**Q** 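I have a structure here, written as structure tokens, and I will follow up with some questions on it.
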Amino acid sequence: MNLLITLFYYLNRLVYLYTILLVVYALMSWFPGAYQSKFGQLLGRICEPFLNLFRRLPLQFGGIDFSIMAAILALNIAMEVLQKILINFIY
């Protein structure tokens, strides 16, 4: 049981870190040439595969792309569902 709680804790930390990386990746769009930098390319390799799942959906309104917000929301919902499953499994 302790192992499940520990695994969930580290998974939760990883999702939090990935959420921060997604936000940083979104904020890089405000700076010209930021995606072409080494850091931007690294973030692109980390974030783009997950974001491409959401870019297929019609989430662009008025020239603003909401796919990053949808990705973060999906990550948070998945973590909430996992937490509920773990709580029901333990008790």
Side-chain angles (χ1 to χ4, degrees):
M1 213 53 68
N2 246 353
L3 178 65
L4 282 176
I5 294 171
T6 304
L7 286 174
F8 179 76
Y9 173 78
Y10 285 116
L11 181 63
N12 196 17
R13 295 288 99 201
L14 281 173
V15 167
Y16 179 73
L17 176 66
Y18 196 71
T19 301
I20 290 173
L21 291 177
L22 288 172
V23 170
V24 169
Y25 189 69
L27 292 176
M28 287 178 68
S29 68
W30 294 358
F31 303 99
Y35 290 130
Q36 287 75 31
S37 69
K38 294 279 187 194
F39 182 67
Q41 291 173 357
L42 175 67
L43 274 182
R45 279 184 269 154
I46 294 171
C47 297
E48 282 297 326
F50 185 63
L51 289 175
N52 285 337
L53 298 173
F54 296 93
R55 290 207 171 119
R56 297 177 190 165
L57 303 173
L59 296 173
Q60 295 180 356
F61 305 104
I64 299 173
D65 187 12
F66 291 99
S67 59
I68 292 180
M69 287 179 56
I72 291 171
L73 183 64
L75 279 174
N76 287 326
I77 289 173
M79 287 307 298
E80 288 292 323
V81 168
L82 281 175
Q83 182 179 8
K84 300 264 189 227
I85 290 171
L86 182 65
I87 288 172
N88 286 334
F89 184 72
I90 291 174
Y91 298 109

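Everything numeric here is computed off the predicted structure, so don't read it as measured data.
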**Q** Supply the atom-to-atom distance L21 CG to L42 CG, rounded to the nearest 0.5 angstrom.
**A** 8.5 Å

**Q** Should I46 and Y25 count as side-chain neighbours, where that means a heavy-atom distance under 4.5 Å?
**A**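 No. Closest side-chain heavy atoms not under 4.5 Å.
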
**Q** So which heavy atom on M28 is nearest to which on S37, and how close?
**A**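 Taking every non-hydrogen atom into account, CE-OG, 4.4 Å.
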
**Q** Out of curiosity, M79 CE to K84 NZ, how far, rounded to the nearest 0.5 Å?
**A**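 That separation rounds to 12.5 Å.
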
**Q** Going through the checks in order, is the side chain to side chain contact (heavy atoms under 4.5 Å, CB included) test met by V24 and F39?
**A** CA-CA 11 Å; V24 169; F39 182 67; 4.0 Å; yes

**Q** With distance as the sole test, does N12 use its side chain to make a donor-acceptor pair with the main-chain N or O of F8 at under 3.5 Å?
**A**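 Such a contact is absent between N12 side chain and F8 backbone.
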
**Q** Hey, quick one: are L51 and I77 part of the same hydrophobic cluster, counting side-chain heavy atoms closer than 4.5 Å, chains of contacts allowed?
**A** no

**Q** How close do F54 and A74 get, heavy atom to heavy atom, and via which atoms?
**A**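 That closest heavy-atom pairing would be CZ-CB, 3.6 Å.
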
**Q** Keeping the roles fixed (side chain from Q60, backbone from D65), state whether a donor-acceptor pair exists under 3.5 Å.
**A**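 Side chain of Q60 to backbone of D65, a donor-acceptor pair under 3.5 Å: no, none is there.
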
**Q** Kindly indicate whether a cation-pi arrangement holds for R13 with Y16, taking the cut-offs as under 6.0 Å to the six-membered ring centre and within 45° of the axis.
**A**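 Judged by the rule, R13 and Y16 form a cation-pi pair.
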
**Q** Do L75 and V81 belong to the same hydrophobic cluster, where Ile, Leu, Val, Met, Phe, Trp and Tyr are linked whenever their side-chain heavy atoms lie under 4.5 Å apart, directly or via other members?
**A**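 Not linked; separate clusters.
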
**Q** Specify the closest pair of heavy atoms between F50 and A71, including all atoms of both residues, with the distance to one decimal.
**A** CE2-CB, 3.5 Å

**Q** What pair of heavy atoms forms the shortest contact from P49 to G44, and how long is it?
**A** CD-O, 3.9 Å

**Q** With rounding to the nearest 0.5 Å, note down the distance linking OH in Y9 to CG in L14.
**A**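 Result: 10.5 Å between the selected atoms.
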
**Q** Applying the 4.5 Å side-chain criterion to the ILVMFWY set and letting contacts propagate, would I64 and L22 be lumped into a single cluster?
**A** yes

**Q** Taking all non-hydrogen atoms of both residues, which atom of R55 and which atom of E48 are closest, and how far apart?
**A**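 Heavy-atom minimum between the residues: NH1-OE1, 2.6 Å.
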
**Q** Can you hop from I72 to F66 via hydrophobic side chains spaced under 4.5 Å?
**A** yes

**Q** Using the rule that two of Ile, Leu, Val, Met, Phe, Trp, Tyr join whenever any of their side-chain heavy atoms come within less than 4.5 Å, decide whether L17 and V23 are in one cluster.
**A** no

**Q** With rounding to the nearest 0.5 angstrom, report the CG to CG distance, L86 to L7.
**A**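 Reported to 0.5 Å precision, the distance equals 9.5 Å.
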
**Q** How long is the span from the CD atom in Q83 to the CG atom in N76, to the nearest 0.5 Å?
**A**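 These two atoms lie 11.0 Å from each other.
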
**Q** Within this structure, what is the OH-CG distance for the pair Y35 and L43, rounded to the nearest 0.5 Å?
**A** 9.0 Å

